[in-house]
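These notes concern the structure reproduced below.
Just so we're clear, the structure is a prediction, and the values are computed from it rather than from any experiment. Hydrogens, waters and symmetry mates play no part in the numbers below; they use all other heavy atoms, side chains included.
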Amino acid sequence: MDYRESTVTLGITDKLLCPCCGSQQHRVNSVITYSFYFFEYLPIFPVKRDTRVECLQCQNLAEVTHNTSVRKLIFSDFSLAFFNKLRLLSTFTGSIIIMLLLSYYFSEEQEKHRQSQAYIEAPKINDFYYLDYRKTSGDRRPHHKYRLAKVVDITGGRVSLTYGNYFYPLKNSLNNGVRYGHSRNFDYFEQQRHNFSSVELDSLFEQGFIYRVVRPEFISIGRNRAVYMIDGNPVTNTTVAKEEWFYIPGKRENTQGVAFLKARYIKDGIEQAFILLKKSAELGYAPGQTNLAELYLTFTDVEGSGDVENAARWLFQAALQGYQPAIEKYRVICQLEEACHIEDFYRALNEAGTSYRIN
């Protein structure tokens, strides 16, 4: 900050007599002086304010103290008084600009916080989680402060995340990394998955470990290609926007069932979706079997628990076909059930000659 003065002419008054000119009445030029602290050439706050009058005849300069009859006489004129108040308001230009910028910043941060809270409560695949490792205990390197994670699967109430392989020293570095497309590198995210319940995610968000959640937009880029973007910047590699249609038993029923699940405005949409997805599953369509299993897990009974047995049965049928999402979901629910042994699951896949991978 810098200390400076600003002098402004308020106007001319003829209501004063100059003592240096034989006490004759002269027109007097009224000058007001302010002192400021400047920040980047903007007046932040006035720390001193003086009023001076200068005789136009003999250039006699005199200070006008506060609460004097001379001062009251000078500013008895409406135009001078109004200009005086207006100038006083304008001296706070820097303060007003800074307050507006701060209010905009905090309002934007509050909006991001509310949006992140909504995304935490209703997660979707490909959501990006911004992580602050300063909020965790344990040993870490000095520059390992911020990290990125992505939602790769949702099974029942369990959300699967994969962490980025890179740490950033500053929040701005992480934002720039997303902007410059770091997440598009094939080895950016780890293969290992970390499963969290909705309660655990809420707790991590309240602790500040997850300080922001962003939901990328699926944007078409022409020639049946699309990409996920954040603030206009691609964060995933291009993918097929719409697959060509081939008749596969159960595929149509699965597509219709998923559409009913998304159409919340339809009164009996869930029942219609269940009928269609069950038909798709019975026809042996692996995505339909997986979506039906998810339906069994998501919609709970009066005791608040889903039908894990039926869900596991349909996931197992889809996994035998080598459908990787079903394999991952089966592994998630197997971790929650004591009676489930994951080795038996792998053994069954091997005996069926299923091709799969374990992340």
Any [X] side-chain heavy atom under 4.5 Å of [Y] side chain:
X: Pro287; Y: Tyr323; result: yes
X: His113; Y: Phe205; result: yes
X: Tyr356; Y: Gln324; result: yes
X: Glu294; Y: Thr155; result: yes
X: Tyr180; Y: His182; result: yes
X: Tyr130; Y: Arg147; result: no
X: Leu283; Y: Glu253; result: yes
X: Lys150; Y: Asp127; result: no

* Asked: Is the Tyr133 ring parallel, tilted or perpendicular to the Phe167 ring (thresholds 30°, 60°)?
  ->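 Perpendicular: the ring planes of Tyr133 and Phe167 meet at over 60°.
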Review item, side-chain donor-acceptor pairs of residues 268-282, under 3.5 Å, at least two apart:
{"residue": "Asp268", "atom": "OD2", "partner": "Gln272", "partner atom": "NE2", "Å": "3.4"}
{"residue": "Ser280", "atom": "OG", "partner": "Gly250", "partner atom": "O", "Å": "2.6"}

Are the side chain of [X] and the backbone N or O of [Y] linked by a donor-acceptor pair below 3.5 Å?
X: Ser116; Y: Arg212; value: no
X: Asp153; Y: Ser160; value: no
X: Ser103; Y: Leu100; value: yes
X: Gln117; Y: Lys112; value: no

[atom2] on [Y] to [atom1] on [X], rounded to 0.5 Å:
X: Tyr330; Y: Ile327; atom1: OH; atom2: CD1; value: 11.5 Å
X: Ile219; Y: Arg225; atom1: CD1; atom2: CZ; value: 15.5 Å
X: Glu108; Y: Tyr104; atom1: CD; atom2: OH; value: 4.0 Å
X: Lys262; Y: Ile266; atom1: NZ; atom2: CD1; value: 13.0 Å
X: Phe345; Y: Asn350; atom1: CZ; atom2: CG; value: 10.0 Å
X: Arg158; Y: Leu201; atom1: CZ; atom2: CG; value: 9.0 Å

Compile the donor-acceptor pairs under 3.5 Å between side chains in residues 227-237 and protein atoms, sequence neighbours left out, one pair per line.
{"residue": "Tyr228", "atom": "OH", "partner": "Asn126", "partner atom": "ND2", "Å": "3.4"}
{"residue": "Asn233", "atom": "ND2", "partner": "Ile230", "partner atom": "O", "Å": "3.4"}
{"residue": "Asn233", "atom": "ND2", "partner": "Asp231", "partner atom": "O", "Å": "3.3"}
{"residue": "Thr236", "atom": "OG1", "partner": "Tyr228", "partner atom": "N", "Å": "3.1"}
{"residue": "Asn237", "atom": "ND2", "partner": "Arg184", "partner atom": "O", "Å": "3.3"}

Looking only at heavy atoms, which two atoms of [X] and [Y] are closest? And how far apart?
X: Gln317; Y: Gln289; value: C-OE1, 3.5 Å
X: Ala348; Y: Leu320; value: O-CD2, 4.1 Å
X: Trp314; Y: Ala293; value: CB-CB, 4.2 Å
X: Tyr296; Y: Ala311; value: CB-CB, 4.0 Å
X: Asn310; Y: Asp307; value: ND2-OD2, 2.6 Å
X: Ala319; Y: Ala326; value: N-CB, 3.9 Å

* Report yes if the SG atoms of Cys55 and Cys20 are separated by under 2.5 Å, and no otherwise. =>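 No disulfide here.
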* Asked: Does the pair His194 and Tyr163 meet the rule for a ring pair (Phe, Tyr, Trp, His ring centres under 6.0 Å), with working shown?
  -> CA-CA 8 Å; His194 304 267; Tyr163 293 146; 4.5 Å; yes
* Less than 4.0 Å between a side-chain N and a carboxylate O, is that true for Glu109 and Lys171? ->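 Judged by the 4.0 Å cut-off on N to carboxylate O distance, Lys171 and Glu109 do not form a salt bridge.
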* Side-chain ion pair, Asp132 and Lys145, N-O less than 4.0 Å ->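 Result for this pair is no, no salt bridge flagged.
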For atom [atom1] of [X], is the number of surrounding heavy atoms from other residues, nucleotides or ligands below 6.0 Å larger than 12?
X: Glu338; atom1: CD; value: no
X: Glu111; atom1: CD; value: yes
X: Glu217; atom1: CD; value: no
X: Arg114; atom1: CZ; value: yes
X: Arg313; atom1: CZ; value: yes

When you group the ILVMFWY residues by side-chain heavy-atom contacts below 4.5 Å and let the links chain together, are [Y] and [X] in the same group?
X: Tyr211; Y: Leu170; value: no
X: Leu349; Y: Ile358; value: yes
X: Val152; Y: Tyr129; value: no
X: Leu161; Y: Phe128; value: no
X: Leu204; Y: Ile154; value: yes

* What do the steps show when you test Asn175 against Tyr168 for side-chain contact (heavy atoms from CB on, under 4.5 Å), and what is the final call? -> CA-CA 10 Å; Asn175 295 335; Tyr168 299 88; over 6 Å; no
* With sequence neighbours left out, write down each residue that passes side chain to side chain contact (heavy atoms under 4.5 Å, CB included) with His341, or none if nothing qualifies. =>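 His341 satisfies side chain to side chain contact (heavy atoms under 4.5 Å, CB included) with Glu343, Asp344 once adjacent residues are dropped.
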* Check each of Arg331, Gln335, Glu200 against Asn195 using the side chain to side chain donor-acceptor pair (under 3.5 Å) test, and report the only one that passes. =>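 Output: one option passes, namely Gln335.
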* Evaluation steps, side-chain contact (heavy atoms from CB on, under 4.5 Å), between Thr239 and Phe218 -> CA-CA 10 Å; Thr239 183; Phe218 193 61; 3.7 Å; yes
* Please lay out, stage by stage, how Gln321 and Thr354 fare under the test side-chain contact (heavy atoms from CB on, under 4.5 Å). => CA-CA 6 Å; Gln321 301 181 55; Thr354 302; over 6 Å; no
* **Test side-chain contact (heavy atoms from CB on, under 4.5 Å) applied to Val308 and Glu337, step by step** => CA-CA 9 Å; Val308 179; Glu337 298 295 323; 3.8 Å; yes
* Residues Gln207 and Ser203: side-chain donor-acceptor under 3.5 angstrom ->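 A pair is found: one side chain offers a donor N or O, the other an acceptor, under 3.5 Å apart.
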* Are side-chain N/O atoms of Asn254 and Asn291 paired as donor and acceptor at under 3.5 Å? ->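 Asn291 and Asn254 do have a side-chain donor-acceptor pair below 3.5 Å.
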